[in-house]
Structure formats: structure tokens, C-alpha cells
Amino acid sequence: MTIDEWERRIADFWTAFEASPGDGEDILDELDGLAAASPASDGRAHFERACIRDSTGRTASAVAFYEAGLAAGLDPVRHTRAHVQMASSQRALGHPDEALKILSRADPHALGGAPSAVRALALRDAGRHDEALRVALEALIPHLPRYQRSMANYARLLTED
């Protein structure tokens, strides 16, 4: 199987997964089988294994796969997704400080602002509510048709001494 064929099969898997209500072991086994068939020597198979575990509520086991994928190397999009998703997993597991540490390596504007969304949640979980609100507002500001300057000032004032 070529890498392009494998990527198509992975994309088809996720399309089918999104359309189905299933999250049982058969889904996990199917993705693990696809991952094992990857002709790539980088971390994409580990990354996909992490994703299916997160997507089926097996968050604790996803983290090790994200770490393995990052260690083996990922393309820029998967690299960013791995940081965001692993941070989200750490937050869900009750480790907001670890989530914030992971997110410090991600562009806050990547993936439509997903790193900022997870950062806001992690800050909230860490009890840093004003910082969380500031991050959320700052992520929203570029999408406002008006009031950008005012909202930027309000957001800044949330955490200014």
C-alpha cells in the first residue's frame, strides 16, 4: 500500500466514524489495523491511534500515542493537532497545568483558534478564570465585525494589575 492509499483509507475511516454512532472495540481494532499497515516511518500511525482513543472516550490511553507520534515526527498539521488534542486530553484527565505546558508550544491561532479554546478551558480548570476569559475573548476578537479595539482593551484589563 502506498502512503497516498493509506491516507485515503484513514480519511475514509474518519468519514465513516463521524457518520456512525459506534465507539466499541471493533472501531478501535479497525483503526489499529490501519495504523499497523502504514508504510510511513514517521509518527502518523501513532497519532491516528491516539485520535481514535480520544474519540471513543479512552483519553488516558491516548496520551502515550500522542507522545509517540510527536517523538517519531509528524507533518505540521498533525504536529499542531497532536499538541492541541494531547493538551485537551491532559485537561480532561485533571492535569490543566500539563495542558498549558503543552499548549505553550502551539500557535494559538492554528486550527481556527483551537489551541486558544483548549487553553481557555485549561486556565479555567486551573482556577485562573480571568485569564481564561481573556484568552477566549482574544480568540474571538478577530471575528468581530466591530468593537475589536474595545474588546481588546476589556480583555487586557481582565489580567492587568
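Index from 1, following the sequence. If you're wondering where the values come from, they're calculated on a predicted model, not measured in any experiment.
Applying the side-chain hydrogen bond (donor to acceptor under 3.5 Å, both in side chains) test to Asp29 and every residue at least two apart in sequence or in another chain returns nothing. In this structure Ser150 satisfies the side-chain hydrogen bond (donor to acceptor under 3.5 Å, both in side chains) test with no other residue, sequence neighbours excluded. Partners of Ser41 under the side-chain contact (heavy atoms from CB on, under 4.5 Å) rule, at least two apart in sequence or in another chain, do not exist in this structure. Taking Asp12 as the reference, nothing meets the side-chain contact (heavy atoms from CB on, under 4.5 Å) condition, with sequence neighbours excluded. Scored by the side-chain contact (heavy atoms from CB on, under 4.5 Å) test, Glu30 finds Phe13 as partners (sequence neighbours excluded).
Taken from CG in Leu140 to CE in Met151, the straight-line distance is 8.5 Å, to the nearest 0.5 Å. Summarising the geometry, atom OG1 belonging to Thr159 is positioned 6.5 Å from atom CD belonging to Glu131; distances are rounded to the nearest 0.5 Å. Rounding to the nearest 0.5 Å gives a distance of 8.5 Å between OG of Ser38 and CE of Met1. To the nearest 0.5 Å, the span separating CG on Asn153 from OH on Tyr147 amounts to 15.0 Å. Rounded to the nearest 0.5 angstrom, Ile52 CD1 and Phe17 CZ are separated by 4.0 Å. How far SG of Cys51 is from CH2 of Trp14: 5.0 Å, rounded to the nearest 0.5 Å.
Think of Leu133 as one node in a network of Ile, Leu, Val, Met, Phe, Trp and Tyr side chains linked at under 4.5 Å; its network also takes in Leu137, Leu158. The hydrophobic cluster around Met86 extends to Phe47, Val63, Tyr66, Leu70, Leu74, Leu93, Ile102, counting ILVMFWY residues whose side-chain heavy atoms fall within less than 4.5 Å of a member. In the hydrophobic clustering (ILVMFWY side chains linked at under 4.5 Å, chained through shared members), Leu157 stands by itself.
For residues 150-159, the pairs satisfying salt bridge (Lys or Arg N to Asp or Glu O under 4.0 Å) are Arg156-Glu160, with sequence neighbours left out. Within the structure, salt bridge (Lys or Arg N to Asp or Glu O under 4.0 Å) contacts touching residues 75-90 (residues at least two apart or in different chains) are Glu7-Arg78, Glu48-Arg78, Asp75-Arg78. Sequence neighbours left out, not one pair with a member in residues 93-118 passes salt bridge (Lys or Arg N to Asp or Glu O under 4.0 Å).
No side-chain donor-acceptor contact under 3.5 Å links Gln85 to the backbone of Ala82. No side-chain donor-acceptor contact under 3.5 Å links Trp6 to the backbone of Pro39. With hydrogens and angles disregarded, no donor-acceptor distance shorter than 3.5 Å links the side chain of Arg44 to the backbone of Ala40. A donor-acceptor pair is defined here as one N or O able to donate and one able to accept, closer than 3.5 Å; no such pair exists between the side chain of Ser88 and the backbone of Val84.
Phe65 and Leu28 are members of different hydrophobic clusters when ILVMFWY side chains are connected at heavy-atom separations under 4.5 Å. Put simply, Tyr154 and Ile141 are part of the same group of oily side chains (I, L, V, M, F, W, Y) that touch within less than 4.5 Å, one to the next.
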Test salt bridge (Lys or Arg N to Asp or Glu O under 4.0 Å) applied to Glu138 and Arg134, step by step
CA-CA 6 Å; Glu138 287 174 342; Arg134 179 178 179 166; 2.7 Å; yes
Side chains of residues 111-124: which donor-acceptor partners sit under 3.5 Å, not counting sequence neighbours?
unit_1	atom_1	unit_2	atom_2	d
Ser116	OG	Pro108	O	3.1

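At a cut-off of 3.5 Å, with distance as the only test, a side-chain donor of Asp54 or Ser89 sits close to an acceptor on the other residue.
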